[in-house]
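See below for the structure under consideration.
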Amino acid sequence: MSKVALTGIKPTGIPHIGNYLGAIKPALELTKEFESRYFIADYHAINTIRDGKLLKNLIYEIAAAWLSCGLDPEKSLFYRQSSVPETFELSTILAASTPKGLMNRAHAYKAVTAQNKEAGKDIDDGVNMGLFTYPILMAADILLFDTDVVPVGRDQAQHIEMTADIAQAFNYQYGGDILKIPQGHFSKDTEIVVGIDGRKMSKSYDNVIPLFAPSKQLRKIIMKIVTNSQTVEEPKNPDESHIFSLYKLFAAEKQIEALREKYLAGGMGWGTAKQELYEVIEATVAPIRDNYDRIMSDKTYIDEVLKKGSEKARAVAAATLRRVRSAVGID
Ligand code: ADP
Ligand code: TRP
């Protein structure tokens, strides 16, 4: 049997090119080698999104993003986390044996408590139990599907390690290979895609280049990329420019070398560099955007695809859950 790759994306904001290059594209490439499973982590999203209408729409957007980037629901499992209730049963079982101390060490939780401490607030100010137990729910997502590899960005590495720890402890406790131990899969080229201000592209920094913006708006956003005050005549160092680092992610080798020369020679202003960047991004995203617009205009199609996917996913999940329930003595 071939190995299983599984990943999920939270529907918490519009998809951006960091998500595309860092998560969606590398995950879809694994379809060639692995039995692949992709899902929309909607129950993870309610930790932060408290507007039902907004969440509903974001779920459609993420679903359409996956499909327009090439996910083939006939070849991969594609479903909503919320449509596989086995996830939440497994999550409860795993919570019973997960040490609280492990959750205390999770980066996302620690970041909030550190900020609170600095601000002189109670360390748990604004922390909900969903954030605190996030890694357990994520472990359930992964372990329920007998996952071998989890393609994700580096920021998720700790969550995968915790999942492996939780699974190992469970297997040890109940004696046997009940849960498969997963590994992270990190794509090297696009580890961190920079945003228009030079920091990591992230919706929390408000510095994203949206994947599906209409071409005019896309150009406008690219023109806003922050640069230094070098004049047109001055030679520029491509390796210090985030315009160039974004360019490299979209252009072919020859184009990259040609533009590198132009930077070094001087005589090219930042406006031209941004125009060049816009053109390579537009060339890549235009066909995906057309797919996306088409898919988004037919929500019934998205509903049907997800419904079928969830039915198939539940059959796989039920088998794992039977093993787990029997091991703990609740069957
Ligand atoms: P955001 O930082 O915008 O909130 P998420 O945390 O929802 O994005 O990330 C969803 C997926 O996209 C994750 O697998 C994450 O590693 C990947 N990802 C997000 N931003 C980037 C980026 N700037 N570069 C590479 N990958 C990214
Ligand atoms: N935590 C992941 C993120 O923020 C999303 C996620 C939830 C996930 N469950 C998962 C990713 C299971 C991989 C496997 O990006």
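All figures in this text were calculated on a predicted structure; none of them were measured in a lab. What's counted below: heavy atoms across the whole structure, side chains too, no hydrogens, waters or symmetry copies. When a ligand or atom number is given, it counts from 1 through the structure's own listing order.
The nearest non-hydrogen atom to atom 7 (O) of ligand 1, considering only His44, Lys200, Lys203, comes from Lys203. Of the candidates Ala23, Ser204, Ala27, Ala41, Ala23 brings a heavy atom nearest to atom 11 (C) of ligand 1. Counting only non-hydrogen atoms, the option in Gly18, Gly13, Pro11 that gets closest to atom 21 (C) of ligand 1 is Gly18.
Met223 belongs to no hydrophobic cluster, as no Ile, Leu, Val, Met, Phe, Trp or Tyr side chain comes under 4.5 Å of its own.
Note: an N/O pair closer than 3.5 Å links Met201 and ligand 1 by distance alone. The shortest N/O to N/O separation between Gly153 and ligand 1 falls below 3.5 Å. Residue-to-ligand polar distances place Ser202 within reach of ligand 1: an N/O pair is separated by less than 3.5 Å.
Between Phe212 and Tyr292, the ring-plane angle classifies as parallel under the 30° and 60° cut-offs. In this structure, Tyr134 and His159 have parallel ring planes: the angle between them is below the 30° cut-off, well short of the 60° mark.
The existence of a salt bridge linking Glu282 and Arg289 is confirmed by a sub-4.0 Å separation between a basic side-chain nitrogen and an acidic carboxylate oxygen.
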Can you give me every donor-acceptor pair (side chain of residues 93-109, partner residue at least two apart or in another chain, under 3.5 Å) with its distance?
residue: Thr98; atom: OG1; partner: Leu94; partner atom: O; Å: 2.7
residue: Arg105; atom: NH1; partner: Gly101; partner atom: O; Å: 3.3
residue: Tyr109; atom: OH; partner: Asp124; partner atom: OD1; Å: 2.6

Would you tabulate the side-chain donor-acceptor contacts of residues 135-144 under 3.5 Å, counting partners in other chains and residues two or more places apart, or write 'none'?
residue: Asp141; atom: OD1; partner: Gln81; partner atom: NE2; Å: 2.9
residue: Asp141; atom: OD2; partner: Gln81; partner atom: NE2; Å: 3.3

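Aromatic ring centroids of Tyr79 and Phe145 lie under 6.0 Å apart.
Here the side chains of Thr147 and Arg37 are not in contact, with every heavy-atom distance at 4.5 Å or above.
Enumerated by chain and number, the residues approaching ligand 2 to less than 4.0 Å through a heavy atom are Leu6, Thr7, Gly8, Lys10, Phe39, Ala41, His44, Tyr134, Met138, Asp141, Ile142, Val150, Val152, Gln156.
Heavy atoms of Gln156 stay at 4.0 angstrom or farther from ligand 1. Not close to ligand 1: Arg154, with no non-hydrogen atom less than 4.0 angstrom away.
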